[in-house]
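Note on naming: letters A, B, ... go to the chains in the order of the sequence lines (proteins, then strands), and numbering restarts at 1 for each one. As a basis for the values below, the full set of heavy atoms in this structure was taken, side chains included, without hydrogen atoms, waters or symmetry mates.
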Amino acid sequence: MSLVFSIIDRINPFYSIVTVSIALFVCIFFGISARKGIKRFVTIFTAITLFSALFLNIYSYTVSGEFSNYLLTFGFLQMVEISIVLFSSLNILLFISIYNIENTHFIKILILFLFSIVCATLLIVSRNFLLLYISWCIFLVSIFQLTTGINTKVNSRLLGGRGHEHLLRFFLNSFLVVILFFFGFSIIYGSTDFKNFRQIVESEAVSSPFVIIGTIIFGVGIYLYLFLFPFQSPYLKFMRRCECSSLLVIWFLYFPAGIFVWLKLNSIVYYFVEQSNLVSGLIFIILAFACMVGGNIGAIKTTSLRRILSFIFLFFIGVFLLNYAMLGLGLVNEGRAEWLNIANLIIIIVGFLPVYSFIIHLEKNFGSDSILNLKGLIRKNTYLSLNIIITLLSWCGMIGTIGYLNRYYYIKPFIPYLRFGNVLGLGVLKLVALGIAASCFIFLTVNVFRIIIQFFASYKGQDKDYDRNLVVFPKFYYIYISFFTLIILVVGVVGLMEVLNIDIGFLSFKITDYQIFLSNVK
Amino acid sequence: MSEGGSSSMNLQVSIYFSFLLFLLGVFGILYSNSIVSLLISFQFIITSSGINFLSFSQFLYQNSVWDKIFIFSGMVSLYVFMFCIIFYSYSSFKYLDNEVNLGRFKLFEMNLSSWWGDDNF
């Protein structure tokens, strides 16, 4: 028994990696099987191990606390990030198993999927440059293989038009990013022999020209990786064509990995933002404006629901830039900026998963992803439609939802000035930031209401086959979408009570508390 | 010329050369019209990174081992990724000498219709 406990102590904080690896080995064992029973067994086993990994990840942090050495670091932020990856992976597994179970290579797809989760977890806990870079490269290789494996000729729309070309363009862009990071690390090596970002920030080498150039190259790389405006073309064209579960892989594994790498750069970025706060604030304002406005304009121009969601996703990615703009202008501190980043990511996950699952079922039913598919659904399927409407309204920041908490902390720095009518006391740049943030969020609201109105619009029945009664949602959709609506409302209400200083003793910690993120930054 | 002056001169030459390779790579990425020329441009940037690592190691850090490990493992990962991309290109387009590989492929399409994802699908 003492041997077991000593092994458990030694593998801290790798509990989640070890657990997922067990599922990986089991899948490899059954790798060549195409029997349906084996596929179901492997799927259920994978789901159980992912759930166990999620539990062990949180448990290991609460019991063993933080961990740090030459190669790895595991603190509160890493625990949250790994939890986000594992929670997203559970959802992705659900859709992979629904839409790919008939695929003869289903177990191979699961192997690649689990391998990508292991690499993502390793990426999150890595501290050393070498481990960070290698884990990211191998993660991208596994995502590439997973995406191409899911988008096989059998069940993919890539065959039509230049689909394979857009997939190639998408991943060549990612390849360019890792090459840029390779170059960036070589530049930083010229100024200092340190092996992680925290050492560089705490040394005198942080103001060296090589570190500045390296950081700029990293920034450009992350900007390309996330397909921010005006580089979003490969992402949009690929998203339009790809198989439905691979879109979830891109949204909830590929993009979060880029955001987590970006958060690893925070210690250096915060240093430069503090040194040149107005200049950096201005740069981030311009970039945030371009991305958020671009996302909104793109969404309003199209009637394809996939494309609308893809643009709104880009909008939310642009909100990360807004966080840095607010930090640069001194409107929020570093801990609050970290909190806003994580909150934004959580809003993306709990919002996009139910909405996309709803839309993809409509697409399978009608054969197209037109926004007209939503017409009159409130009358035919009131319960699910209301759930989706609540989720969409949380994106607008409706009070009592998780989105409201996020919006509140964007507006809070401006409240003292607005309350006393001393708007001009803000200064030009802060006024510009307020104007940009307000206009972009209002534009998002317009986009969201454009979707919501379709639910209530009456359908005139011009096409005989276009029968609303044919839309039948499986029972698990009701449970699945209700689960996310519950999260949105419960977290929103609890957070609202914290904002209003009403203590009901529901949780032992505060959702809106950002102090714990400060230890990660310092 | 003193030894210190000679070594700083060599380091400067190395940095300028690697920067030139980097610029060639970036130019190639922006103006290349095929996957093959795109991959060659990537090679320029990878090579310039390798030159940076090795020259800094030799002239600044007394031939440390860390950069060699980084170069080796980094390049292995990069070339595995590149192999996967090339193999996918071959399996999707049947031949490597077709239009996409040698013809009309640009990584960054800078026009309005591409920005909004417009295409005939």
Side chain, backbone, both or neither: which part of [X] has a non-hydrogen atom closer than 4.5 Å to chain B?
X        : answer
A:Phe129 : both
A:Ser142 : neither
A:Phe210 : side chain
A:Phe185 : both
A:Leu130 : both

State, with a plain yes or no, whether a side-chain heavy atom of A:Phe175 is found less than 4.5 Å away from one of B:Leu107. no

Answer yes if the ring centres of A:Phe144 and B:Tyr88 are under 6.0 angstrom apart, and no otherwise. yes

Which region of [X], side chain (C-beta onward) or backbone (N, CA, C, O), has a non-hydrogen atom less than 4.5 Å from a non-hydrogen atom of chain A, or is it both or neither?
X        : value
B:Phe53  : both
B:Ser41  : neither
B:Phe108 : side chain
B:Leu39  : side chain
B:Leu54  : neither
B:Leu60  : side chain

Could you report the tightest heavy-atom contact between [X] and [Y], atom names first, then the distance?
X        : Y        : result
B:Phe22  : A:Leu180 : CE1-CD2, 4.1 Å
A:Ser186 : B:Ser49  : CB-O, 3.5 Å
A:Asn128 : B:Trp66  : OD1-NE1, 4.2 Å
B:Phe56  : A:Ile187 : CE1-O, 4.4 Å

For the residue pair B:Phe70 and A:Phe182, categorise the inter-ring angle as parallel (less than 30°), tilted (30 to 60°) or perpendicular (more than 60°). parallel

Decide yes or no on side-chain contact (heavy atoms from CB on, under 4.5 Å) for A:Val141 and B:Ser77, but give the supporting numbers first. CA-CA 8 Å; A:Val141 171; B:Ser77 318; over 6 Å; no

